[in-house]
A.B. asks: 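Take a look at the following structure, please.
Naming: A, B, ... by sequence-line order, numbering from 1 per chain.
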Number of protein chains: 2
Amino acid sequence: MVAEMKMNVPGPRISRARFSHIYLTLRSRICLLDYPPGQRLREEDLAAEFHTSRTPVRRVLARLEDEGLLRSVHGVGTIVTDIHIDELQQVYQLRVEIAELIGKLHPVHPGREEMDVYKKLLSRCEALMEKPDAREFARLNMEFFHLLMRLTGNEPLKAISERLYYQTNRIWLKTASELAQYDDVLLNEISVFQREMTDIVAAIECGDLHVVGHIRRAHIAMSFARLYAAAHPPEEAAGKDIV
Amino acid sequence: MVAEMKMNVPGPRISRARFSHIYLTLRSRICLLDYPPGQRLREEDLAAEFHTSRTPVRRVLARLEDEGLLRSVHGVGTIVTDIHIDELQQVYQLRVEIAELIGKLHPVHPGREEMDVYKKLLSRCEALMEKPDAREFARLNMEFFHLLMRLTGNEPLKAISERLYYQTNRIWLKTASELAQYDDVLLNEISVFQREMTDIVAAIECGDLHVVGHIRRAHIAMSFARLYAAAHPPEEAAGKDIV
DNA sequence: GCCCATGCTGTTGTATACAACAGGCCATTC
DNA sequence: GAATGGCCTGTTGTATACAACAGCATGGGC
């Protein structure tokens, strides 16, 4: 009820809504590589696009910089940060540990209509197997993540998990786009993802949210291992050398 | 050499240093209750105090608002958030889980001079037993926390732990200041803290940083339990009712 | 006497002009 | 011809004027 009372506040609402809109839009563009690493963003361009001035835009950019997605340099520009799997190892290690807390802290069992959303994502994933598309895969991954976050009622946990997720989720698209065996890798990744979703949905239907955490943990760890292996070819000549 | 060239960059350095200074100062004031919950901060006053304009101050306030320490309301003011133990339960639950990760992820064993700092804090704690002082206790607690953070090399873990710590660490000072048996509670709390520090120092000297995490976890959980009990008297009439 | 409307005051949010800064271009010089 | 110095452009950081907003007091109407 307290939350609903806040909905009545009209003044700050439009301000916060605009901030949220710009923030989510830019974050999405960064994570889908619409703004690839190294891209320079001009504050005035963004201000014009969102029909506002630089001031609100700078608020958003400052937050994205806090989260490690941007870097503003005086006199140069605001640049999308580059990422490398080596620098993300710590984030992945933390994500692995925290993944288990979903389903452990304040577990929330989804209702029927929420399960339908899972089913819908699963069918979209099957369709993706027929017609692979990296961007759609990335979107699916993000939507699935946000759905998983609804399994816990612990708000700080949600916020932290989301922050860490968005610090790492670009790396897959970036690595994939640099790889030679693009289609093979993509198809394999989709297949793995499909299995993860299937397993997690099964675990939820069993009512055991702890298991969801374990599955998730395993998949995050394996995902990192695959990315790490792709960036560090095992001694002998690999398919393609990055760097 | 490349790193040293960046040391010559004067421009952004002073900007970031100023931001950091204002941020740390305000956060400290909030957490030491120099700015008690409900206090209204005027952006112009802060700007004058730090010899700058509202713009940089607003950057800091925005971040403190993100972290839940402030709340800006258009047309009203920027207000220090009020806190209640019930609303912090989720944060505490998360802190309990995350505490164990210190010493587990990328453990860093302190050197001799760092151990001396621990010893120095311990002696300050002993002195505090003789002459209890809530504010000095809070400071000691904060310094000890920051020292503990040096036990891990995982930077994201540090950042998250710090964020969660500062979301909760005011509640003790606030609860204590509202309590009747002020001195007794304070002395007991110092005593408990002294035991925690002693145990943790012993664990570090044994070289087992995992144990440090377990000790820390136990103490955070117990600290929450004591605060919760103080706010929710066990049915029958207690010493004093809050609310 | 009470109630409502309206203006007043003080605050945060926004827009914008200006300062500080980095990088590249070009002319000048050795 | 190459190197170096200064200028020039474009960008982010800062300061400040103005708009939007909430709360309160005050006065008029009933």
A.B. asks: May I ask you to verify if any side-chain N or O of B/S53 is less than 4.0 angstrom from the OP1 or OP2 atom of D/dT14?
C.D. replies: no
A.B. asks: A/I14 has an atom CD1; how far is it from atom C1' of D/dC21, in whole Å?
C.D. replies: 10 Å
A.B. asks: In whole angstroms, how far is the P atom of D/dT14 from the CZ atom of B/F50?
C.D. replies: 14 Å
A.B. asks: Is the backbone N or O of A/Y228 less than 3.5 Å from a side-chain atom of A/Q89, with the two atoms forming a donor-acceptor pair by type?
C.D. replies: no
A.B. asks: Starting the side chain at C-beta, find the nucleotide from D/dA15, D/dT12, C/dG13 nearest to B/P56.
C.D. replies: D/dA15
A.B. asks: Residues two or more places apart in sequence or in another chain: which of them pass side-chain hydrogen bond (donor to acceptor under 3.5 Å, both in side chains) with B/E87?
C.D. replies: none
A.B. asks: To the nearest Å, how far apart are A/H74 NE2 and D/dA15 P?
C.D. replies: 12 Å
A.B. asks: Of all the nucleotides listed (D/dC18, C/dG23, D/dT14), which has the minimum atom distance to the side chain of B/R54?
C.D. replies: D/dC18
A.B. asks: Taking OP1 and OP2 of C/dA15, is either one under 4.0 Å from a side-chain nitrogen or oxygen of A/T52?
C.D. replies: yes
A.B. asks: For B/R58 and D/dA15, what is the distance between atoms CZ and P respectively, to the nearest whole Å?
C.D. replies: 14 Å
A.B. asks: Nearest to the side chain of A/R42, heavy atoms from C-beta on, is which of C/dT14, C/dT12, D/dT11?
C.D. replies: D/dT11
A.B. asks: side-chain hydrogen bond (donor to acceptor under 3.5 Å, both in side chains) with B/D116: which residues, sequence neighbours excluded?
C.D. replies: none
A.B. asks: Under the criterion side chain to side chain contact (heavy atoms under 4.5 Å, CB included), which of B/V60, B/L61, B/I22, B/T78 is the partner of B/L46?
C.D. replies: B/L61
A.B. asks: When we call it a touch if two heavy atoms are under 4.0 Å apart, what does A/I79 touch: a base, just sugar-phosphate, or nothing?
C.D. replies: nothing
A.B. asks: Ignoring hydrogens and angles, tell me if any N or O in the side chain of A/T152 forms a donor-acceptor pair with the backbone of A/M149 under 3.5 Å.
C.D. replies: no
A.B. asks: Does A/S15 have a side-chain nitrogen or oxygen under 4.0 Å from the phosphate oxygens OP1 or OP2 of C/dT12?
C.D. replies: no
A.B. asks: Starting at CG of B/L46 and ending at P of D/dA15, how long is that distance when rounded to a whole Å?
C.D. replies: 14 Å
A.B. asks: Under 4.0 Å, counting only non-hydrogen atoms across every strand here, what does B/L61 touch: a base, just sugar-phosphate, or nothing?
C.D. replies: nothing
A.B. asks: Reckon B/E44 touches a base, only the sugar-phosphate, or nothing at all at heavy-atom distances under 4.0 Å?
C.D. replies: nothing
A.B. asks: Let me spell it out: for each of A/V76 and A/H51, pick the nucleotide of DNA chain C with the closest heavy atom. Which residue's pick is nearer the 5' end?
C.D. replies: A/H51
A.B. asks: Out of C/dG23, D/dA15, C/dT12, which has the shortest distance to the side chain of B/S72?
C.D. replies: C/dT12
A.B. asks: Heavy atoms from C-beta onward define the side chain here; which of C/dT12, D/dT12, C/dT11 lies closest to that of B/R40?
C.D. replies: C/dT11
A.B. asks: Please report the distance, rounded to the nearest Å, between CG in B/L41 and P in C/dG13.
C.D. replies: 13 Å
A.B. asks: Take the protein atom CZ of B/R59 and the nucleotide atom P of D/dT14, then report the distance between them rounded to whole Å.
C.D. replies: 7 Å
A.B. asks: Is it true that a side-chain atom of A/E67 and a backbone atom of A/R163 form a donor plus acceptor pair closer than 3.5 Å?
C.D. replies: no
A.B. asks: Mind checking if A/R18 touches a base, just sugar-phosphate, or nothing, with heavy atoms under 4.0 Å?
C.D. replies: sugar-phosphate
A.B. asks: Provide, to the nearest angstrom, the distance between the CG atom belonging to B/L70 and the C1' atom belonging to C/dT11.
C.D. replies: 15 Å
A.B. asks: When you check the phosphate oxygens OP1 and OP2 of C/dG13, does a side-chain N or O of A/T55 lie under 4.0 Å from one of them?
C.D. replies: no
